Amino acid sequence: MPTTAALSTRPSVCPLDCPDTCSLAVTTAGNQITGIKGSAANPYTRGTICKKVANYYIDLVHGPRRLRTPLLRTGPRGEKQYAPISWSEALDRIHAATTNAIEKYGSESVLPLNYGGPHGQLAMGSMDRRFFYRLGATQLDRTPLCGGVLAAAYASLFGDVPGLNPEDAANSDLIIVWANNITTSNLHFARVIKAAQAKGARLVVVDSRCIRIARKADLFLQPLPNTDTVLALAMACEFERRELLDRSFIGQWVQGLETYMQSARRYTLQDAARICGLKLQDIEHFIELYVGAHAASLNIGIGLERSANGGSAIRAAMVLQVLRGQLGHLGAGIICPNGAMFPKTPQRLQCPELLLSPVRSVNIVDVPQLLLDDTLDPPFRVVFVYNHNPVCTHPQQNRMKAALSRSTLFTIGCDVVMTDTMVYCDVVLPACSHFEHTDVFAAYGQGYLQKADAVIPAVGQALPNTEIFRRLAKRFGYEESALQATDNELLDMAFDSASSAMQGRRPSQLDSGAVLPMLTAEGAWPLLCANRKPETASGRIELYSQRLADQFDCGVPTYKPVVRNRPFALVTPSSFERSNAMFGGHPTANGPEPLELHPKDAASHGIVDQGLVRVWNDGGEVVLRARCSHKTRPGVLYSPKGAWLHSSTTGQTVNALIPEHIRTDLLRGAAYNETYVDIEPLAK
């Protein structure tokens with residue numbers, strides 16, 4: 001670190017896959033970042049940030065794992081043997097391998113393998129999408145991996161409209177937090193809860209684990225994992241039985257009530273208590289709190305979607321708000337998804353018209369088996385991995401490693417640091433961190449648009465994603481103007497500047513460090529069933545979805561239990577130390593990850609607190625460190641997602657145990673929490 005350069009503090013924005021999208025104040029000395037704090041620019045995040053951003057980001061930008069030059073693999077895949085090469089040579093090798101595959105098998109033999117990565121509009125999906133459209137590569141459906149089931153469930157009811165502004169929940173007299181670990185994954189909503197409780201609001205927490213916010217709840221319900229659908233349907237049935245449905249609201253706004261209730265009537269409260277493992281009086285108390293609320297808000301997390309009945313569980317929980325008329329007035333609504341507040345224009349930003357002819361599209365969860373399948377027509381021969389660490393985030397980790405190890409596959413990687421996925425790549429390209437380029441950020445958990453400029457120059461030879469794909473397009477001889485657009489031009493293509501929410505501003509004109517609230521033309525926050533109407537085909541809230549019935553045989557929520565083939569259910573929630581797999585390579589991440597289990601299970605298997613545990617199933621095995629806790633229920637284990645391979649002596653993580661054949665009811669998504677395992681103490 002420099003000791004003589006003058007210190008300066010500059011505004012930035014956190015790009016991580018988190019709903020809060022904090023504003024940051026970054027201290028620099030010369031070309032080095034020396035400190036990261038929260039700033040007051042964003043009224044929602046107001047200067048508070050998580051410790052991982054404050055403590056780990058500097059190492060990611062300047063530490064020993066940072067990629068500073070293009071690299072060429074010189075040894076076996078996965079063995080971390082690389083030699084530096086020039087950008088010119090890297091682009092030449094990528095061009096040669098890709099054109100060779102296209103000549104032999106066609107352009108669909110090329111696959112982009114990316115997910116969210118940095119959540120800036122430019123870095124996450126702009127020039128890269130244009131390049132792959134022009135190339136004619138196979139298209140990738142990214143939504144089933146994470147977040148897509150939640151979005152599809154919400155849209156089936158309400159369409160593409162924003163939910164409740166989270167700050168408005170301060171006006172609620174009942175707040176329901178359902179499967180959302182606030183203090184780990186939605187930190188700033190805890191402040192909203194505190195403000196509401198100071199005014200007398202009640203708090204209900206529904207989660208299969210006793211999360212920290214549950215300690216502050218008036219009622220905590222701990223259903224068995226993946227049974228939430230039954231709880232919500234039984235409550236809907238009880239609302240009807242007690243004549244608690246808001247018939248006036250339903251008559252004005254709702255379609256499909258009777259079809260929905262036919263499904264809900266399958267379950268009584270007694271059924272819910274038995275199936276969910278709950279006390280009947282606790283469910284009845286939940287109903288009483290609902291009935292007594294004038295303004296109830298529901299904050300629902302992605303955790304629910306990670307089961308076979310995930311889409312049904314989300315829809316059923318949301319419908320409780322509809323049946324009680326808890327939409328359209330101050331403090332009432334569903335805090336999801338606020339990304340719809342932003343007038344994004346993805347078609348203009350990504351230019352799908354560059355695709356010269358139709359190509360196939362594949363589900364991102366299917367990628368490992370597709371890469372291994374030579375019977376595909378055409379088979380995959382080139383993969384571009386960027387904005388993603390699939391080895392540490394996909395189900396069936398060992399199958400993913402086997403797929404990326406194939407000698408018939410040429411793999412290009414692009415990342416900020418050397419990850420567990422990059423070591424399988426033939427050519428590795430160094431990407432800029434978000435601190436090294438300009439981008440604009442539309443959150444999915446709050447309604448403030450933020451722009452951030454570079455706070456330091458690019459480290460080494462790293463380049464922003466936009467420039468990397470501009471150079472690739474040039475090397476491939478693509479001359480379309482869309483593939484030469486500057487970053488400022490891309491910024492202005494990302495949003496509809498004519499929307500009232502933009503207040504006459506273009507994204508490129510926004511000041512770094514300022515925020516733009518996404519308000520209506522009247523200067524208010526969007527509020528469903530007040531100043532915004534449902535954007536479904538019928539223009540009403542659709543409790544029965546014909547589209548979901550046609551696509552997934554799931555017109556209304558249904559519960560189909562998965563047959564367990566092993567004694568323990570393993571749930572893999574977010575880590576307090578990571579954002580997905582981000583920061584999994586930090587030095588503090590060394591050593592076994594925790595495995596939380598009930599003391600009764602520990603005792604019956606001879607496991608001691610802080611002892612090492614072998615956890616396994618047909619997919620693989622991982623070594624974890626036991627933490628005996630009453631926060632979980634007997635038969636249910638918890639270990640956080642996103643660890644890197646070095647964390648276990650087996651060279652695997654919990655993702656090796658997650659099956660890929662069990663899928664969510666909507667989108668055939670990844671059912672991470674339908675994982676069943678055996679455990680035993682590790683022999684000394």
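These numbers were taken from a predicted model, which means no experiment stands behind them. Residue indices begin at 1 and follow the sequence shown.
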Residues 554-569, side-chain donor-acceptor partners within the protein, below 3.5 Å, at least two apart:
{"residue": "Arg564", "atom": "NH2", "partner": "Pro567", "partner atom": "O", "Å": "2.6"}
{"residue": "Arg566", "atom": "NH1", "partner": "Asp678", "partner atom": "OD2", "Å": "2.3"}
{"residue": "Arg566", "atom": "NH2", "partner": "Asp618", "partner atom": "OD1", "Å": "2.8"}

Open item on the list: I need the minimum non-hydrogen distance between Cys14 and Phe441, along with the two atoms involved.
Closed with: O-CD2, 4.5 Å
Task: For the student: nearest non-hydrogen atoms of Ala462 and Arg66, plus distance - done: CB-NH2, 3.6 Å
Task: Glu660, His394, Gln369 screened by side-chain hydrogen bond (donor to acceptor under 3.5 Å, both in side chains) with Arg399, the one that passes - done: Glu660
- [ ] Go through Asp377 and Arg360 one step at a time and tell me if the salt bridge (Lys or Arg N to Asp or Glu O under 4.0 Å) criterion holds.
- [x] CA-CA 10 Å; Asp377 185 18; Arg360 66 186 175 187; over 6 Å; no
Task: Arg381 NZ/CZ over Tyr105 ring centroid, <6.0 Å and within 45° of normal - done: yes
Task: Distance-minimising heavy-atom pair for Glu542 and Ala537 - done: OE2-N, 3.6 Å
- [ ] Would you check if there is a donor-acceptor pair between the side chains of Thr421 and Asn389 at a distance under 3.5 Å?
- [x] yes
Task: Minimal non-hydrogen separation, Ile468 against Pro430, with atom names - done: CD1-O, 4.0 Å
Open item on the list: Can you pull out every ring pair (Phe, Tyr, Trp, His ring centres under 6.0 Å) where at least one residue sits in residues 139-159? Sequence neighbours excluded, please.
Closed with: Tyr154-Phe158
Open item on the list: Let's go through Glu480 and Arg130 carefully: what are the C-alpha distance in whole Å and the side-chain angles of both, what is the deciding distance for salt bridge (Lys or Arg N to Asp or Glu O under 4.0 Å) to 0.1 Å, and is it a yes or a no?
Closed with: CA-CA 10 Å; Glu480 290 85 348; Arg130 297 181 181 200; over 6 Å; no
Open item on the list: Please find the pair of heavy atoms, one from Ala340 and one from Val161, that lie closest to each other, and give the distance.
Closed with: CB-C, 3.6 Å
Open item on the list: Could you tell me if the side chain of Tyr82 sits less than 4.5 Å from the side chain of Val428, heavy atoms only?
Closed with: yes
Open item on the list: Quick one about Asn398 and Gln652 (side-chain donor to acceptor, distance below 3.5 Å, no hydrogens or angles considered), yes or no?
Closed with: yes
Task: Cationic tip of Arg578 above Phe583 ring, under 6.0 Å, 45° of axis - done: no
Task: Side-chain donor-acceptor contact under 3.5 Å, Asn186 with Asn299 - done: yes
- [ ] Could you tell me whether Arg77 and Asp426 make a salt bridge, using a distance below 4.0 angstrom between a side-chain N and a carboxylate O?
- [x] yes
Task: Carboxylate-amine/guanidinium contact Arg406 Asp374, below 4.0 Å - done: yes
Open item on the list: Aromatic contact between Phe469 and Phe476, with the criterion being ring centroids under 6.0 Å apart: yes or no?
Closed with: no
TODO: Please determine if Arg315 forms a cation-pi arrangement with Phe552, meaning its NZ or CZ atom is less than 6.0 Å from the six-membered ring centre and no more than 45° off the ring axis.
DONE: no
Task: Close side-chain approach of Arg547 and Asp550, heavy atoms under 4.5 Å - done: no
Task: Heavy-atom closest contact (Leu657 atom, Gly620 atom, distance) - done: CD2-O, 3.1 Å
Task: Under 3.5 Å side-chain donor-acceptor pair for Asn387 and Asn465 - done: yes
TODO: For the pair Tyr115 and His388, name the ring-plane relationship: parallel under 30°, tilted 30 to 60°, perpendicular over 60°.
DONE: tilted
- [ ] List in chain and number order the residues that pass salt bridge (charged side-chain N to carboxylate O under 4.0 Å, His left out) with Glu79, two or more places apart in sequence or in another chain; answer none if no residue qualifies.
- [x] none
